[in-house]
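Protein chains get the first letters and strands the later ones, always in sequence-line order, with residue 1 at the start of each.
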Amino acid sequence: EDKVVQSPLSLVVHEGDTVTLNCSYEVTNFRSLLWYKQEKKAPTFLFMLTSSGIEKKSGRLSSILDKKELSSILNITATQTGDSAIYLCAAVGSNYKLTFGKGTLLTVNP
Amino acid sequence: DGGITQSPKYLFRKEGQNVTLSCEQNLNHDAMYWYRQDPGQGLRLIYYSQIVNDFQKGDIAEGYSVSREKKESFPLTVTSAQKNPTAFYLCASSSRGEGRYNEQFFGPGTRLTVL
């Protein structure tokens, strides 16, 4: 059975802190790993990672995949209150099916 | 504007009733998906469809049914057989083809409450 585990499940930081969110996966016929941000309703796409060791960056957010360790991290530097959200990790496997982790609830306090 | 719409936004149902959730997309995507989200559980796949007139069960299909008669539409019926239907339901779609297939776009969701 495909499985994705995220840690921590919740995290509270102060504005300006740097955070690292973790995602590990066990997926048959792994194709790629996706990160989403979910604030109130629909998750919004952040990154798609297919190659190991290549960092993807968007502003203060960055992510990298380690296929040897079957894991990925999402970094957020200089956090802002607007970064408060649930961050979801999903692994794409057989039949292009996504398996999601439970998410990390990030709270950034002013 | 291109996107995915879901209706209704909120839905209340009495126990024993079937209810259908609507999902429409005008992104010209071939693949569509239904997920259920419960607090602390992340998203779990109910059904998905890679092409019109074809669909497959996801991880938690029991008590649900779908149809895919048109490319734009993928309605989900929550039947009375679903033991715990109160949840937030998300519909998503994606293109086919290597690389593009992976990024799923989500609708705004329907919150179903069974009274």
Candidate pair B:Y33 and A:L98, rule side-chain contact (heavy atoms from CB on, under 4.5 Å), full reasoning: CA-CA 10 Å; B:Y33 311 80; A:L98 267 66; 5.7 Å; no
Is there a chain of hydrophobic side chains (I, L, V, M, F, W, Y, each step under 4.5 Å between heavy atoms) that links [X] to [Y]?
X: B:Y48; Y: B:Y64; result: no
X: B:W34; Y: B:I4; result: no
X: B:L21; Y: B:F74; result: yes
X: B:F88; Y: B:Y47; result: no

Spacing of A:K41 atom NZ and B:Q37 atom CD [to the nearest 0.5 Å]: 13.0 Å
What part of A:Q38 is in contact with chain B, defined as an atom under 4.5 angstrom from a non-hydrogen atom: side chain, backbone, both or neither? side chain
Counting neighbours of NZ on A:K3 that are heavy atoms of other residues, nucleotides or ligands and sit closer than 6.0 Å, is the number greater than 12?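 Atom NZ in A:K3 is not crowded, with 12 or fewer foreign heavy atoms closer than 6.0 Å.
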For A:E26, is the CD atom crowded, meaning more than 12 foreign heavy atoms sit under 6.0 Å from it?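 Atom CD in A:E26 is not packed in, count stays at 12 or less.
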Among A:Q6, A:E1, A:K102, which residue forms the greatest number of heavy-atom pairs with chain B at distances under 4.5 Å?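 Answer, by heavy-atom pair count under 4.5 Å with chain B: A:K102.
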Please report the closest heavy-atom contact between A:F100 and B:L43, naming both atoms and the distance. CB-O, 3.5 Å
For the student: nearest non-hydrogen atoms of A:A42 and B:P108, plus distance: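 Where A:A42 meets B:P108 most closely, the heavy atoms are CB-CA, 4.1 Å.
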With side-chain contact (heavy atoms from CB on, under 4.5 Å) as the test, would you mind laying out the steps for A:K97 and B:D59 before giving the verdict? CA-CA 10 Å; A:K97 200 179 84 166; B:D59 300 317; 3.1 Å; yes
Which atoms of B:L45 approach chain A - backbone, side chain, both or neither, heavy atom under 4.5 Å: side chain
